[in-house]
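Just so you know, these numbers use all the heavy atoms, side chains as well, and skip hydrogens, waters and symmetry mates.
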Amino acid sequence: NYKGTKPNNTPIIAHEQGQCCAFPDFKEIPQYTGVYKAKNFDYVTFGGTFTVRDDAQLIFPTDLLCLDFDHVPNVQMYRNQFLADPEFETALMFTSPSGQGIKWIVPIRTCCHTYQQVFAAVTNYVKATYGLVPDQKCKDISRACFLPHDPQAYINPKYVPFNAQR
């Protein structure tokens with residue numbers, strides 16, 4: 001109530017002077033998880049090493065592909081199926097920060113095709129084999145993947161550094 005004389009203790013969020021002010025409904029806060037995740041989880045770019053997290057700033061590709069499945073109906077069943085997959089050797093697998101999804105990291109070869117082409121081919125295989133479609137944003141080689149605490153995470157023993165095996 002900026003014109004009135006009564007004090008207004010409602011929080012105001014405004015972007016620039018001259019724009020309309022918004023009075024937030026604090027009951028909506030739980031639905032906003034992006035900032036929470038960004039400030040509380042480490043992340044990795046499985047597709048490569050970058051000077052800045054931007055596809056054009058790729059220094060070296062890792063030949064790893066992260067498939068991100070959200071809202072999986074039976075997380076444990078699909079984890080077991082992915083681990084037994086005859087076409088892809090699992091490098092790493094863990095449950096998404098939400099607890100309702102799976103991150104499946106598999107080695108790939110990009111020598112003859114772009115990262116996006118390989119992602120499309122793997123997506124077609126996964127859809128035909130398991131009926132799941134990974135998040136299409138993962139086609140970007142610089143896509144960030146948040147790392148939650150997952151005591152059930154699978155790490156392929158061949159990817160564990162020698163010093164860590166002692």
Side-chain angles (χ1 to χ4, degrees), residues 13 15-16 19 28-76 78-164:
I13 299 171
H15 176 63
E16 293 180 11
Q19 290 186 342
E28 293 180 358
I29 289 174
Q31 73 182 355
Y32 303 109
T33 58
V35 172
Y36 172 79
K37 286 199 289 188
K39 290 185 177 181
N40 292 287
F41 290 112
D42 291 325
Y43 74 86
V44 64
T45 53
F46 285 110
T49 304
F50 302 85
T51 54
V52 177
R53 198 176 65 80
D54 180 300
D55 288 6
Q57 301 300 319
L58 177 67
I59 297 171
F60 186 79
T62 59
D63 284 343
L64 290 173
L65 178 67
C66 178
L67 299 163
D68 180 6
F69 303 95
D70 298 318
H71 311 292
V72 176
N74 187 332
V75 170
Q76 192 58 51
Y78 282 105
R79 283 177 65 131
N80 292 339
Q81 288 181 359
F82 292 157
L83 285 171
D85 186 88
E87 299 298 325
F88 292 98
E89 177 184 41
T90 300
L92 174 66
M93 185 185 313
F94 55 91
T95 302
S96 300
S98 69
Q100 300 173 356
I102 300 170
K103 309 284 189 180
W104 185 27
I105 293 81
V106 297
I108 57 169
R109 292 208 172 153
T110 55
C111 59
C112 304
H113 302 283
T114 67
Y115 190 84
Q116 289 80 12
Q117 290 170 327
V118 173
F119 177 81
V122 174
T123 295
N124 289 337
Y125 168 79
V126 170
K127 184 177 180 182
T129 307
Y130 301 105
L132 296 176
V133 178
D135 184 338
Q136 294 300 294
K137 294 176 186 170
C138 293
K139 72 178 184 290
D140 300 329
I141 195 168
S142 63
R143 177 80 174 158
C145 178
F146 291 108
L147 299 173
H149 172 72
D150 179 3
Q152 302 301 315
Y154 172 81
I155 302 172
N156 189 317
K158 87 180 214 181
Y159 293 99
V160 176
F162 176 75
N163 292 339

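When every heavy atom of V133 is checked against every heavy atom of Q136, the shortest pair comes out as CG1-NE2, 3.7 Å. Shown here for L132 and V126, the closest heavy-atom pair between the two residues is O-CG1, 3.5 Å. F119 and C138 get closest at one heavy-atom pair: CE1-CB, 3.7 Å. For the pair E89 and K158, the tightest heavy-atom approach, listed with the atom from each and the gap, is OE1-NZ, 3.2 Å. When all heavy atoms of L58 and G48 are compared, the pair lying nearest together is CD1-CA, 3.9 Å. Nearest heavy atoms, L67 versus F69: CB-CE1, 3.6 Å.
A distance of 10.0 Å separates OG1 of T45 from CG of D55, quoted to the nearest 0.5 Å. One distance of note links CG of N80 with OH of Y78; it measures 12.0 Å at 0.5 Å rounding. Taking CG of N124 as the start and OG1 of T129 as the end, the distance is 10.0 Å to the nearest 0.5 Å. Atom CD1 of I141 is separated from atom CD of Q116 by 7.5 Å, given to the nearest 0.5 angstrom. Note that CG of L64 is 11.5 Å distant from SG of C145, once rounded to the nearest 0.5 Å. In this structure, CG in L83 is found 9.5 Å from CG in N156, a value given to the nearest 0.5 Å.
When side chains are defined from C-beta on, I105 counts as touching C66, because their heavy atoms get closer than 4.5 Å. Using a 4.5 Å heavy-atom cutoff, the side chains of T123 and K139 are not in contact. Side-chain contact check for T95 versus R79: some heavy-atom pair is nearer than 4.5 Å.
Judged by distance alone, the side chain of D70 and the main-chain N or O of G101 form no donor-acceptor pair under 3.5 Å. Looking only at distances, no side-chain donor or acceptor of D140 sits under 3.5 Å from a matching main-chain atom of S142.
Evaluation of the ring-ring contact (aromatic ring centres under 6.0 Å, His included) test over residues 87-116, restricted to residues two or more places apart or in two chains, returns F82-W104, F88-Y125. Applying the salt bridge (Lys or Arg N to Asp or Glu O under 4.0 Å) definition to pairs two or more places apart or across chains, those involving residues 96-109 are D68-K103. The salt bridge (Lys or Arg N to Asp or Glu O under 4.0 Å) pairs that include a residue from residues 121-130 number zero, where partners must be two or more places apart or lie in different chains.
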Side chain to side chain contact (heavy atoms under 4.5 Å, CB included) for V75 and I102? Distances and angles first, verdict last. CA-CA 7 Å; V75 170; I102 300 170; 3.8 Å; yes

